[in-house]
Amino acid sequence: MKAKKIMTSLKAKHPGESEFLQAVQEVLESIEEVYNQHPEFEKAKIVERMVEPDRIYTFRIVWVDDKGQVNVNLAYRVQFNSAIGPYKGGLRFHKAVNLSMLKFLGFEQTFKNALTTLPMGGGKGGSDFDPVGKSNDEIMRFCQAFMYELWRNIGPDTDVPAGDVGVGGREIGYLCGMYKKLAREYNTGVLTGKGMTWGGSILRPEATGFGALYFTNHVLETNGDKLAGKTVALSGFGNVAWGAATKAKQLGAKVVAISGPDGVCEIPGGITDEMIDYMLDMRASNRNKVEDMATKFPGAAKFTAGKKSWSVKCDIALPSAFQNELSLADAQELVKNGTKYCCEISNMGCQAEAIHFFQSQKGFIFAPGKAVNAGGVATSGLEMTQNAEHISWTPAEVDERLHHIMESIHEQCVKFGKQADGTIDYVKGANIAGFMKVATAMLEQGII
Ligand code: 2IT
């Protein structure tokens, strides 16, 4: 494959889209070998087609805040790839959202969704709306204005958004309410992550974190190790970190750090159930400060301003906040402090140099977000199935399916990532497995 040529042309076409180019570069590095074994991919220009989204909607959102002032935001929906099913992926509301970020997320989502074993294509959307400090009414008005624009372009069998950073159950509620009012269609399958009384799947709020811990457990077991008794550093305190903390604790690990944009909260005795519950209040407050945990639990949680979770000694690092949150310097500090595993729960949580450093350390295991965090979108897929059948499964049924899916993703990583020396390259494994599925689907459906 002419990976270099494709990257050069992509950089020229999309200058400045650094996150997107980073995500593509990682996949191309991984798949080069298998691609070269399939001349039919080259002939059909599969990679050249895969790196451009099917289409992108860009729109303006205008809304009025509590002071009566008019606000203008930018919003997007990137419909990246539909080869294996309807577009599927979250909406991100964050002040730093731009097209590069959503294209990287949509690109990653395409491969991640392929790994889940469910028929879902890849998409992503969002806005540069900043939820920090906003009132509930402002959030509702913004969500309604957002859906006023988007509703014609989504649907249960075309494009199914869900939550991501800044979009949780509350926002999905407001978005779904407005969708139904506009579309006059009451099949709830158009969004996932809904409330439990109106079509949401049991376990969807926990699923990203739970799935990530099931995957981490497989990683450790495959390496002859076990999760119980291990210390874990998480980053962030949002929905994903909350689910991960819950399951880590249930599986006998000790969560010793969470963090926020303001700094890190060290919890030497391990996170408690009360603290895990309080994470939900912290997110609902829209204050975006992890310091609140130390204020609420003085003594047990110690806040340090300006530091990251990666400064805390731990066996397992689980980035669960934002892309590129773990740098080369952070990776070096973790390894110096004895960390043995890094399982990315955030999408592209580690910078490329950090991943390369981890992989250069003998015995260190790194697993990428598109495999580790796929339990979230997988459970969204299960929500779509329940909605389509007009039924709801019990917690045990959903959990069993989630377990099975995470196990299957791990197996795919092992199958495609096994190296000559017997070690497993999870980055290669996830990328090759996802790529082969999407590429084969595209090939079989012709030149379109
Ligand atoms: O990054 C992700 O996989 C998500 N934000 C979840 C997407 C979904 O459709 O549930």
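Counting starts at 1 for both ligands and their atoms, in listed order.
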Peer 1: Check ligand 1 for N or O atoms under 3.5 Å from a protein N or O and list each pair with its distance.
Peer 2:
{"residue": "ligand 1", "atom": "1 (O)", "partner": "Lys112", "partner atom": "NZ", "Å": "2.9"}
{"residue": "ligand 1", "atom": "1 (O)", "partner": "Lys124", "partner atom": "NZ", "Å": "3.0"}
{"residue": "ligand 1", "atom": "1 (O)", "partner": "Asn347", "partner atom": "ND2", "Å": "3.0"}
{"residue": "ligand 1", "atom": "3 (O)", "partner": "Gln109", "partner atom": "NE2", "Å": "3.1"}
{"residue": "ligand 1", "atom": "3 (O)", "partner": "Lys112", "partner atom": "NZ", "Å": "2.6"}
{"residue": "ligand 1", "atom": "5 (N)", "partner": "Lys124", "partner atom": "NZ", "Å": "3.4"}
{"residue": "ligand 1", "atom": "5 (N)", "partner": "Gly163", "partner atom": "O", "Å": "3.0"}
{"residue": "ligand 1", "atom": "5 (N)", "partner": "Asp164", "partner atom": "OD1", "Å": "2.9"}
{"residue": "ligand 1", "atom": "9 (O)", "partner": "Lys88", "partner atom": "NZ", "Å": "2.6"}
{"residue": "ligand 1", "atom": "10 (O)", "partner": "Arg204", "partner atom": "NH2", "Å": "2.9"}
{"residue": "ligand 1", "atom": "10 (O)", "partner": "Ser380", "partner atom": "OG", "Å": "2.5"}

Peer 1: Tell me whether the rings of Tyr35 and Phe435 are parallel (<30°), tilted (30 to 60°) or perpendicular (>60°).
Peer 2: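 It falls in the tilted class, 30° to 60°.
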
Peer 1: Using 30° and 60° as the class limits, which term best fits the ring planes of Phe111 and Phe107: parallel, tilted or perpendicular?
Peer 2: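 Plane angle over 60°, so perpendicular.
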
Peer 1: Using a strict 4.0 Å threshold on nitrogen-to-oxygen distance, state whether Asp164 and Arg92 make a salt bridge.
Peer 2: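 A salt bridge links Asp164 with Arg92.
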
Peer 1: Taking the six-membered ring of Phe20 as reference, does the NZ or CZ atom of Lys103 fall below 6.0 Å from its centre and within a 45° cone about the axis?
Peer 2: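 Geometry flag: set, cation within 6.0 Å and 45°.
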
Peer 1: Could you work out, with side-chain contact (heavy atoms from CB on, under 4.5 Å) as the rule, every residue matching Ser30, not counting sequence neighbours?
Peer 2: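 So Ser30 forms a side-chain contact (heavy atoms from CB on, under 4.5 Å) with Val427, Lys428, Asn431.
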
Peer 1: How are the rings of Tyr214 and His403 set to each other: parallel, tilted or perpendicular (split at 30° and 60°)?
Peer 2: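 Tyr214 vs His403 ring planes: parallel.
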
